[in-house]
Amino acid sequence: MNQRLKGIMIRRLRLERNWSQATMCADICAVSYLSRIEQGQVGGSPEVLAMLMERLGVTWREDPAFCRESAAWFDDCYDRLFAGESIEDMVPVLKQRREEFRYSPFFPDWLLFTWQITNQRPEEAEELLPALDDRQRSLYLCLSGEFEELLRVSDRGYFLQEAGKHALWSGNFNTAVKYLQLGMERAFREGSLPVIMSCCAHMGNCYSCLNQLEQAKEYYSMANRMARGLGRFPDMMTISDHLLQSGHYGASAGADGGCPAASAGAPLERGNVLS
């Protein structure tokens with residue numbers, strides 16, 4: 001994947017400079033060889049890739065120490081994200097190390113987590129698809145809202161939670177219940193308590209929308225206890241508010257087919273329980 005990524009980056013940087021392939025590879029390699037590198041048909045020899053990067057004025061970081069440190073950092077980020085934990089402390093690091101990650105094998109990871117945090121799709125996202133590994137591609141599908149395809153390749157509790165939330169906001173409450181129930185079961189096996197809590201909270205929303213108030217109160221209460229145990233007090237306050245108002249939600253849900261619980265309150269940041 002690293003060589004494929006380099007080919008994509010070389011093409012992108014070349015086009016940014018309005019260079020032809022002939023200009024790009026003059027005295028380095030044949031135009032046909034550069035074309036095959038850019039299209040991912042060949043990986044390209046390390047020597048040729050190094051010369052092409054040098055011509056572009058780019059220093060590609062892949063020294064062993066940097067790769068070990070960056071791989072460990074991103075592994076921790078993925079683990080925390082998929083466990084439903086806060087990743088807010090990543091923001092300054094992603095900003096500070098933008099140029100460092102941009103010209104390295106970790107650019108796709110940097111791009112995906114920037115998308116995750118800002119909720120803004122980067123223009124390079126689709127272009128990088130051929131260079132993504134399985135973990136990166138799964139997160140890409142999740143962020144793109146392509147849940148049918150995603151759930152064919154992964155049954156992580158976090159992805160089931162996100163699929164359930166998407167179905168809830170779309171008004172497909174029974175589908176949301178199915179995904180959220182599966183998400184809770186999977187998260188239990190994974191030991192991801194924040195994901196279980198989030199699924200419970202959104203199950204409460206679903207049952208409020210379906211005017212099944214006893215079930216709504218049951219799930220809100222479970223989510224509230226978990227939020228308290230995890231020390232997630234802003235989430236606890238939001239869930240408590242939903243719990244107190246669940247009677248109002250249920251009474252009003254049938255008026256126009258909408259669901260106040262699905263849109264109540266200001267949205268929290270991506271990754272929090274009721275975002």
Side-chain angles (χ1 to χ4, degrees), residues 1-17 19 24-25 27-29 33-34 36-118 120-143 154 156 158 190-192 270-271:
M1 287 298 182
N2 191 356
Q3 302 293 72
R4 181 70 184 96
L5 176 62
K6 286 182 182 179
I8 292 171
M9 295 298 292
I10 287 168
R11 180 179 183 277
R12 182 172 185 82
L13 293 168
R14 175 179 65 78
L15 292 176
E16 285 177 0
R17 290 158 174 75
W19 290 358
M24 177 73 233
C25 67
D27 301 321
I28 295 177
C29 66
Y33 189 57
L34 173 60
R36 293 173 68 198
I37 289 172
E38 290 186 348
Q39 294 173 30
Q41 295 174 357
V42 296
S45 71
E47 296 77 16
V48 167
L49 291 171
M51 287 189 285
L52 292 171
M53 289 291 187
E54 184 178 2
R55 178 157 293 173
L56 289 163
V58 168
T59 300
W60 186 263
R61 289 292 307 272
E62 57 182 351
D63 53 280
F66 168 77
C67 287
R68 282 194 300 272
E69 182 270 329
S70 299
W73 189 74
F74 277 112
D75 282 347
D76 181 59
C77 293
Y78 279 106
D79 187 63
R80 289 166 55 189
L81 174 65
F82 294 153
E85 299 172 16
S86 172
I87 55 173
E88 290 179 7
D89 59 324
M90 290 175 54
V91 176
V93 179
L94 290 169
K95 289 180 178 177
Q96 292 164 9
R97 302 184 66 180
R98 178 181 183 275
E99 293 305 311
E100 193 177 2
F101 288 137
R102 185 171 183 81
Y103 303 116
S104 81
F106 301 95
F107 179 53
D109 300 300
W110 178 88
L111 199 74
L112 289 167
F113 275 98
T114 299
W115 183 0
Q116 172 76 32
I117 288 167
T118 64
Q120 295 178 348
R121 185 189 185 97
E123 62 179 35
E124 307 101 317
E126 190 170 351
E127 188 179 357
L128 290 176
L129 260 176
L132 301 185
D133 62 26
D134 290 343
R135 181 173 66 176
Q136 293 164 343
R137 183 174 176 78
S138 293
L139 182 53
Y140 171 91
L141 292 172
C142 183
L143 292 168
S154 177
R156 281 184 183 275
Y158 176 80
E190 295 168 351
S192 302
R270 185 188 286 276

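What you see below is based on every heavy atom in this structure, not just the backbone, and it leaves out hydrogens, waters and symmetry mates. This structure is a prediction, so every number in the text was calculated from the model and none was measured.
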Point to revise | Distance (rounded to the nearest 0.5 Å) between Q41 CD and R4 CZ | key: 9.0 Å
Practice item. Please report the shortest heavy-atom distance between F66 and S104, naming the atom on each side. Key: CE2-CB, 3.6 Å
Review point. Minimum heavy-atom separation for S45 to Y33, with atom names?
Key: N-OH, 3.1 Å
Study note, to complete from the structure: Taken to the nearest 0.5 Å, the spacing of L139 CG from D133 CG works out to 10.5 Å
Review point. Taking side chain as C-beta onward, heavy atoms only, is R61 less than 4.5 Å from F107?
Key: no
Exercise for review: Find out whether Y103 and M53 are in side-chain contact, i.e. whether some heavy atom of one side chain is under 4.5 Å from a heavy atom of the other.
Suggested key: no
Exercise for review: Measure from the side-chain N and O atoms of R137 to the backbone N and O of L129, and report whether any donor-acceptor pair falls under 3.5 Å.
Suggested key: no
Exercise for review: Answer yes or no: does atom CG of D63 have more than 12 heavy-atom neighbours from other residues, nucleotides or ligands under 6.0 Å?
Suggested key: yes
**Study point:** side chain to side chain contact (heavy atoms under 4.5 Å, CB included) evaluation trace for E126 with Y140
**Key:** CA-CA 9 Å; E126 190 170 351; Y140 171 91; 4.1 Å; yes
Review point. Does some side-chain heavy atom of M90 sit less than 4.5 Å from a side-chain heavy atom of L81?
Key: no
Check your understanding: Looking only at heavy atoms, what is the nearest atom pair of S154 and S138, with distance?
Key -> CB-OG, 4.2 Å
Exercise for review: Before giving the answer on side chain to side chain contact (heavy atoms under 4.5 Å, CB included), spell out for E62 and K6 the whole-Å C-alpha distance, their side-chain angles and the decisive distance to 0.1 Å.
Suggested key: CA-CA 11 Å; E62 57 182 351; K6 286 182 182 179; 2.9 Å; yes
Practice item. Flag the pair P108 / L5 as yes when at least one side-chain heavy-atom distance between them is below 4.5 Å, and no otherwise. Key: yes
Review point. How many angstroms lie between atom CH2 of W73 and atom OH of Y78, to the nearest 0.5 angstrom?
Key: 10.5 Å
Check your understanding: Closest approach of Q136 and A131, non-hydrogen atoms and distance?
Key -> OE1-O, 4.1 Å
Review point. Hey, are R135 and D75 close enough for a salt bridge, meaning a charged N less than 4.0 Å from a carboxylate O?
Key: yes
Check your understanding: Would you find a donor on one side and an acceptor on the other, under 3.5 Å apart, between the side chain of R14 and the backbone of W19?
Key -> yes
Review point. Where does the angle between the aromatic ring planes of Y158 and F82 fall among parallel (under 30°), tilted (30 to 60°) and perpendicular (over 60°)?
Key: tilted
Point to revise | Stepwise side chain to side chain contact (heavy atoms under 4.5 Å, CB included) test for M24 and L56 | key: CA-CA 8 Å; M24 177 73 233; L56 289 163; 3.7 Å; yes
Exercise for review: Could you walk me through whether L34 and I28 pass the side chain to side chain contact (heavy atoms under 4.5 Å, CB included) test, one step at a time?
Suggested key: CA-CA 9 Å; L34 173 60; I28 295 177; over 6 Å; no
Check your understanding: What's the shortest heavy-atom distance between W60 and P105, and which atoms?
Key -> CZ2-N, 3.6 Å
Revision key, fill the gap. Distance col, row D109:CG vs Q116:CD, nearest 0.5 angstrom, shows 13.0 Å
Review point. Do side-chain atoms of Q96 reach the backbone of V93 as a donor and acceptor pair under 3.5 angstrom?
Key: no
Practice item. Take F74 and F101, measure what ring-ring contact (aromatic ring centres under 6.0 Å, His included) needs, and give me the verdict at the end. Key: CA-CA 11 Å; F74 277 112; F101 288 137; 5.0 Å; yes
Point to revise | R11 CZ: over 12 foreign heavy atoms closer than 6.0 Å | key: no
Check your understanding: Can you tell me how far CD1 of I117 sits from NZ of K95, rounded to the nearest 0.5 angstrom?
Key -> 9.0 Å
**Study point:** Any side-chain heavy-atom pair of E16 and L13 under 4.5 Å
**Key:** yes
Check your understanding: Roughly how far, to the nearest 0.5 Å, is the CD atom of E124 from the CE atom of M9?
Key -> 7.5 Å
